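The next block holds one structure in the form of structure tokens; read it before the comments.
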Amino acid sequence: AKVHFIGHLQSNKAKLLVNNVPNLFMVESVDSIKCARALDRACVALEREPLHVMVQVNTSAEESKSGTTEEEANQIVDEIIASCPGLRFRGLMTIGKLGDPDPSPYFRALVQLRDKLQERIPETPVELSMGMSGDFELAIEYGSN
């Protein structure tokens with residue numbers, strides 16, 4: 001079974017995660033260059049297949065939520081593609097605002113960011129991971145896989 005890690009990951013825990021989860025396939029919550037570099041170092045040291053990663057974007061701008069800004073997301077993606085051979089960039093992830101009955105604005109924001117990013121890096125398909133179990137149908141309508 002392929003394991004997807006979703007949740008805030010402190011960069012100092014990246015090595016622990018990579019070393020102790022043998023079927024780790026994807027980390028869907030990379031939110032800093034520091035975290036990306038830590039995951040990359042751990043993967044390269046293990047000589048494992050590249051770890052698939054998604055950059056988590058805080059589209060609701062909630063201080064209590066993990067995730068990066070749209071501008072920082074572009075920088076993290078560029079860093080992963082250019083300087084992290086142990087990682088394979090796969091896409092963007094957002095949760096949206098907890099308790100908001102209409103997550104559409106948050107999903108739309110991620111779709112727009114993906115579209116701009118896809119123009120910059122047409123050779124790399126950019127997937128989307130959005131929402132939670134309560135809004136997965138809407139997330140799928142917006143293109144979430």
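Model, not experiment: these values are computed from the prediction.
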Check: Given the rule in the side chain to side chain contact (heavy atoms under 4.5 Å, CB included) test, do Leu113 and Asn74 qualify, once you have shown the distances and angles that lead to the verdict?
Finding: CA-CA 9 Å; Leu113 178 60; Asn74 281 297; 3.8 Å; yes
Which heavy atom of [X] sits nearest to which heavy atom of [Y], and what is that distance?
X: Gly143; Y: Leu128; value: O-CB, 4.0 Å
X: Asp31; Y: Thr68; value: O-CB, 3.7 Å
X: Val126; Y: Gly91; value: CG1-CA, 3.9 Å

Next item on the list: Group every Ile, Leu, Val, Met, Phe, Trp and Tyr by side-chain heavy-atom contacts under 4.5 Å, then state whether Ile76 and Val44 land in the same group.
Entry: no
Check: Which residues pass the side-chain contact (heavy atoms from CB on, under 4.5 Å) test with Asp100, sequence neighbours left out?
Finding: Lys97, Asp102, Tyr106
If you measure from [atom1] on [X] to [atom2] on [Y], what distance do you get to the nearest 0.5 Å?
X: Asn58; Y: Thr69; atom1: CG; atom2: OG1; value: 9.0 Å
X: Thr59; Y: Leu110; atom1: OG1; atom2: CG; value: 6.5 Å
X: Leu9; Y: Ser32; atom1: CG; atom2: OG; value: 8.5 Å
X: Arg37; Y: Asp40; atom1: CZ; atom2: CG; value: 9.5 Å
X: Leu39; Y: Leu51; atom1: CG; atom2: CG; value: 6.0 Å
X: Met130; Y: Arg108; atom1: CE; atom2: CZ; value: 11.0 Å

Pairs of donor and acceptor atoms involving the side chains of residues 83-90, under 3.5 Å and at least two apart or interchain, shall be tabulated with distances.
unit_1, atom_1, unit_2, atom_2, d
Arg90, NE, Glu127, OE2, 3.1
Arg90, NH1, His52, ND1, 2.5
Arg90, NH2, Glu127, OE1, 3.4
Arg90, NH2, Glu127, OE2, 2.6

Item checked: Pairwise side-chain contact, Gln56 with His8, heavy-atom cut-off 4.5 Å (strictly under) -> no
Check: Would you call Met54 and Ile6 a side-chain contact if the rule is heavy atoms closer than 4.5 Å?
Finding: no
What pairs with [X] under salt bridge (Lys or Arg N to Asp or Glu O under 4.0 Å), at least two apart in sequence or on another chain?
X: Arg41; value: none
X: Glu70; value: none
X: Arg114; value: none

Counting distance only, does the side-chain N/O of [X] pair as donor-acceptor with the main-chain N or O of [Y] below 3.5 Å?
X: Ser29; Y: Gly7; result: yes
X: Gln118; Y: Thr124; result: yes
X: Asn145; Y: Ser129; result: no

Next item on the list: Evaluate side chain to side chain contact (heavy atoms under 4.5 Å, CB included) for Glu72 paired with Val55, printing each intermediate quantity in order.
Entry: CA-CA 10 Å; Glu72 290 170 334; Val55 173; over 6 Å; no
Counting only pairs under 3.5 Å, give me each side-chain donor-acceptor contact of residues 11-27, with atom names and distances, residues two or more places apart or in other chains.
unit_1, atom_1, unit_2, atom_2, d
Asn19, ND2, Lys15, O, 3.4
Asn20, ND2, Leu16, O, 2.8
Asn23, ND2, Ala1, O, 3.4

